[in-house]
A.B. asks: 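Quick one: the structure is below, questions incoming.
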Amino acid sequence: MTGSAKAGRIQTVDALRGFALFGILLVNIEVFANPFYAMGLPNPDFAGPVAQGTSWLVTALFETKFYLIFSFLFGYSLTLQMAAAERDDQPFRPRFLRRQVMLFCLGVFHALALFHGDILTTYAVLGLALYALRHRNDKSLLCIAAGLIFFVTLIWFLILLAQIYLLPQVPEALVLQHVRQAQAAFTGGVSSLLNQRLSELSNLWIVLGFMQGPCALAMFLLGLIAGRRRVLADITALQPLLRRIILIGVLVGLPGGIFYGWTAIQPYDPVRDLVAVVVDLATAPFLAAAYIAGMALLLNAAADRGWVAMLATAGRMALSNYLFQSLLCALLFHAYGLRLMGQVSPPLVVALAMGIFALQLVLSRFWLSRFRNGPVEYLLRYVTYGGSRS
């Protein structure tokens, strides 16, 4: 059986959110800490085997996988929200639209003030597509999800061909110059930081429109299918299926992740890096699915363990914790605080992430022992329900 939290919540869903939060933190903190992130160059300041091995491990096993898990849970949660509206005998559409508008506003603040890699605005917009597709049958949703993954993989394959045959290669020296300028801006002062963030945001549409967005929507739809079938509420009956998902996911997804991580620590080669992107886009959903299935089985088997309850507590206030992660990282690495960007080795960055998440586990438990919802969740619920309930 799966443990349930208070107020009829599904503990496995909340604990999976907590698990996803940790993986997202491991990736996002690297964006804050490493000015070379996603630039096709390994950081020359940390070129030792331990530093490079740590970078490879995080890139291979976490990067591009954990936002997919969070996206799956977003789609799953739609079915829970619809069920709640039905229990309350209230129309779902006004609630949902108010929620998405508030999510968008929070995302805009997050992107401008704290982290240009914000996912909330993407979820707010793509949530409207999920809402529009909510009545499609499972087969149709599965086909759309597969089509979206195929679409982004094809787009980046065409970009790869263009890089090989049409486009001039950007000189490594120019990339290095851009990295150092960005590092100086993020650590120089608040004004230069905000200007750099706006510059980063102006170029982010390519990643959002042709990579992260379609992949997130695909996982929304898979989560919607799973929510309809109450997969995470009745894990025991689905154990054979979940084990098959783990096997297929690992066999397909892990080699892709290993190759993707290996390219992140190699010398500058834009063509090779684009090959890795194409491979990762095609395989990352499989590894994300293996993580979801594996954690579901583990959480089901250990439902009464204290660590499961702690993960679930963090997941119950996932939005507050997500924003808090960005705030702490901004204070550590950017001009708001210690300006440590580019000065912390990958192993220490991972250790900081673990410390931040441990702190969040403790604070989440403390907060929810006194309040029903996290602070940002309270605001979101207030807007969602029109102030009629907390």
Side-chain angles (χ1 to χ4, degrees), residues 2 10 12-13 15-24 26-27 56-77 138-139 141-154 156-157 211-212 214-264 275-302 308 311 315:
T2 56
I10 302 174
T12 301
V13 174
L16 263 174
R17 271 200 204 93
F19 172 66
L21 269 174
F22 176 63
I24 287 170
L26 277 176
V27 175
W56 168 81
L57 194 66
V58 172
T59 304
L61 299 182
F62 293 89
E63 188 177 315
T64 72
K65 286 80 179 176
F66 275 74
Y67 88 91
L68 295 178
I69 300 175
F70 220 88
S71 301
F72 172 88
L73 294 170
F74 187 94
Y76 195 103
S77 295
D138 290 356
K139 183 178 180 180
L141 294 178
L142 191 60
C143 289
I144 294 171
L148 287 167
I149 299 298
F150 176 79
F151 166 75
V152 294
T153 305
L154 177 62
W156 285 89
F157 178 72
M211 182 185 292
Q212 196 175 64
C215 292
L217 181 56
M219 296 304 289
F220 282 5
L221 299 178
L222 296 179
L224 179 60
I225 294 171
R228 285 174 176 174
R229 296 171 177 260
R230 294 179 54 81
V231 168
L232 298 178
D234 188 19
I235 292 171
T236 302
L238 297 173
Q239 288 187 14
L241 172 63
L242 294 176
R243 290 193 180 98
R244 286 196 296 272
I245 290 173
I246 294 170
L247 178 61
I248 295 171
V250 169
L251 289 177
V252 177
L254 188 58
I258 290 172
F259 175 66
Y260 184 66
W262 173 79
T263 63
V275 172
V277 168
V278 172
V279 171
D280 185 66
L281 286 169
T283 60
F286 288 91
L287 191 54
Y291 286 156
I292 293 167
M295 280 301 295
L297 288 174
L298 180 60
L299 293 168
N300 182 63
V308 176
L311 269 183

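Scope of the values below: all heavy atoms of this structure, side chains included, with no hydrogens, waters or symmetry mates.
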A.B. asks: Can you pull the side chain to side chain donor-acceptor pair (under 3.5 Å) pairs that have at least one residue in residues 245-263, sequence neighbours excluded?
C.D. replies: Glu63-Tyr260

A.B. asks: Hey, what do you get for CD1 (Ile246) to CG (Leu241), rounding to the nearest 0.5 Å?
C.D. replies: 10.0 Å

A.B. asks: Got a list of side-chain donor-acceptor pairs under 3.5 Å for residues 278-291, not counting sequence neighbours?
C.D. replies:
unit_1, atom_1, unit_2, atom_2, d
Asp280, OD1, Thr64, OG1, 3.3
Asp280, OD1, Lys65, NZ, 3.2
Asp280, OD2, Thr64, OG1, 2.7
Thr283, OG1, Val279, O, 2.8
Tyr291, OH, Leu61, O, 2.8

A.B. asks: From Leu254 CG over to Phe259 CZ, what is the distance, rounded to the nearest 0.5 angstrom?
C.D. replies: 14.0 Å

A.B. asks: Grab the two heavy atoms, one from Leu222 and one from Leu142, that are nearest each other, plus how far apart they are.
C.D. replies: CD2-CD1, 3.6 Å

A.B. asks: Does Phe157, at its CZ atom, have more than 12 non-hydrogen atoms belonging to other residues, nucleotides or ligands within less than 6.0 Å?
C.D. replies: no

A.B. asks: Distance check, rounded to the nearest 0.5 Å: Tyr76 atom OH versus Ile225 atom CD1?
C.D. replies: 13.0 Å

A.B. asks: Under the side chain to side chain donor-acceptor pair (under 3.5 Å) definition, can you give me all pairs with a residue in residues 217-230, not counting sequence neighbours?
C.D. replies: Asp138-Arg228, Asp138-Arg229

A.B. asks: Just to verify, what does Phe62 make a ring-ring contact (aromatic ring centres under 6.0 Å, His included) with, not counting sequence neighbours?
C.D. replies: Phe66

A.B. asks: To the nearest 0.5 Å, tell me how far Leu68 CG sits from Phe220 CZ.
C.D. replies: 10.5 Å

A.B. asks: Search all heavy atoms of Leu242 against all heavy atoms of Ala296 and return the closest pair with its distance.
C.D. replies: CD1-CB, 4.4 Å

A.B. asks: Would you give the length of the straight line joining atom CD1 of Ile292 to atom OG1 of Thr12, rounded to the nearest 0.5 angstrom?
C.D. replies: 13.0 Å

A.B. asks: To the nearest 0.5 Å, what is the distance between CG on Leu57 and CD1 on Ile258?
C.D. replies: 10.0 Å

A.B. asks: Considering non-hydrogen atoms only, spot the tightest contact between Leu297 and Arg243 and give its length.
C.D. replies: CD1-CG, 3.9 Å

A.B. asks: Could I get the full list of side chain to side chain contact (heavy atoms under 4.5 Å, CB included) partners for Ala302, not counting sequence neighbours?
C.D. replies: Arg305, Trp307, Val308

A.B. asks: Under the criterion side-chain contact (heavy atoms from CB on, under 4.5 Å), I'd like the reasoning laid out for Leu232 against Leu73: C-alpha separation, chi angles, the key distance, then a yes or no.
C.D. replies: CA-CA 10 Å; Leu232 298 178; Leu73 294 170; 4.2 Å; yes

A.B. asks: Measure across Arg17 and Phe70 and return the closest heavy-atom pair with its distance rounded to 0.1 Å.
C.D. replies: O-CE1, 4.0 Å

A.B. asks: Taking all heavy atoms of Thr236 and all of Asn300, pick out the closest pair and write down the distance.
C.D. replies: OG1-ND2, 3.6 Å

A.B. asks: Who pairs with Ile144 by side chain to side chain contact (heavy atoms under 4.5 Å, CB included), at least two apart in sequence or on another chain?
C.D. replies: Leu133, Arg136, Ser140, Leu148, Leu221

A.B. asks: Of all residues at least two apart in sequence or in a different chain, which pass the side chain to side chain contact (heavy atoms under 4.5 Å, CB included) check with Ala264?
C.D. replies: Thr59

A.B. asks: Find out whether Met295 and Ile69 are in side-chain contact, i.e. whether some heavy atom of one side chain is under 4.5 Å from a heavy atom of the other.
C.D. replies: no

A.B. asks: What pairs with Phe22 under ring-ring contact (aromatic ring centres under 6.0 Å, His included), at least two apart in sequence or on another chain?
C.D. replies: Phe357

A.B. asks: Salt bridge (charged side-chain N to carboxylate O under 4.0 Å, His left out) with Arg244: which residues, sequence neighbours excluded?
C.D. replies: none

A.B. asks: Heavy atoms only: give me the nearest Trp56-Gly261 pair and the separation to one decimal.
C.D. replies: CD1-C, 3.1 Å

